[in-house]
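Below are the structure tokens for one structure; questions will follow.
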There are 2 protein chains.
Amino acid sequence: MGRPADEAKREAVLTAAAKSFFEHGYAGSSIEQIAADAGVSKVTVYNRFGDKRSLFAAAVERECEQMRESMKVPEIPSGDLRDRLTAIAEAMVAFLSRPKMIQFERRVAAETEHEPAVGAAFLAAGPHRMMRAFAALLAAMHDNGEIQVENPELAAEQFASMCKGIGDLERRFGAPDDLKRNRERIEGAVEVFCRAYAKR
Amino acid sequence: MGRPADEAKREAVLTAAAKSFFEHGYAGSSIEQIAADAGVSKVTVYNRFGDKRSLFAAAVERECEQMRESMKVPEIPSGDLRDRLTAIAEAMVAFLSRPKMIQFERRVAAETEHEPAVGAAFLAAGPHRMMRAFAALLAAMHDNGEIQVENPELAAEQFASMCKGIGDLERRFGAPDDLKRNRERIEGAVEVFCRAYAKR
DNA sequence: GACAAATTGAACGCCTCCGTTCATTTGAAC
DNA sequence: GTTCAAATGAACGGAGGCGTTCAATTTGTC
């Protein structure tokens, strides 16, 4: 009976909440502003999410879902080993460099100490998922006989870490993107990885 | 003439401000609480720092100074190349793993977008300084003939990044320290680095 | 059309905070 | 001991936020 809840409004609130929380931080966001941005009454926000903390948690969870979807396992292009590694590296770096991702990381990290579950959810949905997929890919390459890796998880971490270098750190602290340096990092990572692990 | 300003109070305020800002965030910190923690009147805080933003900037600057001092360039132990690299890696990881450093990074990153100068100051005082020192060390090793690196800056970044792996990321998002994994990362980094760069 | 639940707008109490003002006290330099 | 700036405590105005209440209104379902 009665009027059913408008799910579109729920989405609108979450979108506005995510935008505000990840732009202005938790303490710097107000529910009234979020409600206004969502074109919704403040009471509706409270009726549906109950609490500021709960709203924050819901926003993070939704963002993690979107991240899960947008993170395709890098498909294996055919061709030279070096070319394939380069393609994967470029996809990874591009994914991690998006300004949205950087801000999302900043905010989630800042709130993790108050809400450890939030940090754990992010790790599981993002980095850990990505590393597992990449490690599986390396294991397959090992079975193919292209490379020789005893510890695919470690090798995956090493490759990804070299590709990022301190670029992600610099981005987090506002340094402008240096595309030339990124290219150097990727080429260097491929080179070192091949020297260490390529067969032949 | 008159009464001289009490510099001890200035220090106390900065200490309390740093503690609060890096623990509760900028918006989550109140000047009244900071003044109380410092055992000082609120008016004194305003007279000396003028403004909340300025106080935050001063706290970050002071923290960067302390970081500069506490960051000794890892001295070169004698011995096997692998042993020396391992020792350096251990010092680096230990330095970056301190909970204080993690929280400091979280907060500074979160405020960098409002105050880009803050992020730049941190980068210059911390990571960039460290990488420069390590790159110089690698260049010296190259001149020694121990290793063969054309691009010491890149090689330094690669080694440091492999040592960290995604461990720093996991720490930022609240995952507990995994000492065994850290050891694996360091050993793996030394191994890959030597395979790629060691002469003979 | 009648019902019932969702939604709204406005107001409320309560709290915290920023930044300022001012009369008063403290304490070092002269 | 006088002088003068630093420091204090208390209070203020203005603003904003959280979470709640309530009557009024929408908007689906029956």
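Order of the sequence lines fixes the chain letters, A, B, ..., with proteins taken first and strands second; residue numbering starts at 1 for each chain. Just the heavy atoms: all of them, side chains too, but no hydrogens, waters or symmetry mates, feed the values below.
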Do Glu150(A) and His142(A) have side-chain N/O donor and acceptor atoms under 3.5 Å apart? no

Which atom pair, heavy atoms only, marks the closest approach of Gly188(B) to Leu154(A)? CA-CD2, 4.0 Å

Please classify the nucleic acid contact of Arg53(B) as base, sugar-phosphate, or nothing, using heavy-atom distances under 4.0 Å. nothing

Check for me, please, whether Leu14(A) and Val45(A) land in the same ILVMFWY cluster - side-chain distances under 4.5 Å, paths through other members count. yes

In whole Å, I'd like the distance from the CZ atom of Arg48(B) to the P atom of dA6(D). 8 Å

With a distance cut-off below 6.0 Å to the six-membered ring centre and an angular limit of 45° from the axis, does Arg107(A) pair with Phe56(A) as a cation-pi contact? no

Closest-nucleotide mapping onto DNA chain D: is Gly50(A) or Gln33(A) further toward the 5' terminus? I mean the 5' end. Gln33(A)

Is the distance between the ring centroids of Phe122(A) and Phe104(A) under 6.0 Å? yes

Among residues 106-118 of chain A, which ones have heavy-atom contacts with DNA chain C below 4.0 Å? none

What contact category does Arg10(A) fall into here, base, sugar-phosphate, or nothing, at under 4.0 angstrom with non-hydrogen atoms? nothing

Under 6.0 Å from the ring centre and within 45 degrees of the ring axis: does the NZ or CZ of Arg98(B) meet both conditions for the six-membered ring of Phe95(B)? yes

Using a heavy-atom cut-off of under 4.0 Å over every strand shown, decide if Gly39(B) touches base, sugar-phosphate, or nothing. sugar-phosphate

Most 5' of Ala5(A) and Gly28(B) on DNA chain C, judged by nearest nucleotide: Ala5(A)

When you measure from the centre of the six-membered ring of Tyr26(B), is the NZ or CZ of Arg53(B) closer than 6.0 Å and no more than 45° off the axis? yes

When you measure from the side chain of Val43(A), which nucleotide among dG19(D), dG19(C), dC22(D) comes out closest? dC22(D)

Distance under 6.0 Å and angle within 45° of ring axis: Lys100(B) vs Phe22(B): no

Might you work through the side chain to side chain contact (heavy atoms under 4.5 Å, CB included) test for Arg183(B) and Glu90(B), ending with a clear yes or no? CA-CA 9 Å; Arg183(B) 175 136 297 285; Glu90(B) 279 168 353; 2.5 Å; yes

Lys9(B) NZ to dT26(C) P: how many Å, rounded? 13 Å

Taking CG from Leu55(A) and C1' from dG19(D), how many angstroms apart are they, rounded to a whole number? 13 Å

Asn47(A) CG to dT20(D) C1': how many Å, rounded? 11 Å

Does the protein touch nucleotides 25-30 of chain D at the base, only the backbone, or not at all? Give it as B, S and - per nucleotide, heavy atoms under 4.0 Å. -BBBSS

Can you see if the side chain of Ser30(B) gets near the phosphate of dT16(C) - specifically, an N or O under 4.0 Å from OP1 or OP2? no

Measure from CZ on Phe49(A) to P on dG19(D) and round the result to the nearest Å. 14 Å

To the nearest Å, give me how far apart OH (Tyr46(B)) and P (dG19(C)) are. 4 Å

N/O donor-acceptor pair, side chain Lys42(A) with base dG19(D), under 3.5 angstrom: yes

How close or far is atom P of dA6(D) from atom CG of Asp6(B), stated in whole angstroms? 12 Å

Does OP1 or OP2 of dA6(C) have a side-chain N or O of Thr44(A) closer than 4.0 Å? no

Quick one: closest heavy-atom pair of Gln158(B) and Ala189(A), and the distance? NE2-N, 3.6 Å

Rounded to whole Å, how long is the line connecting atom NZ of Lys52(A) with atom P of dT20(D)? 14 Å

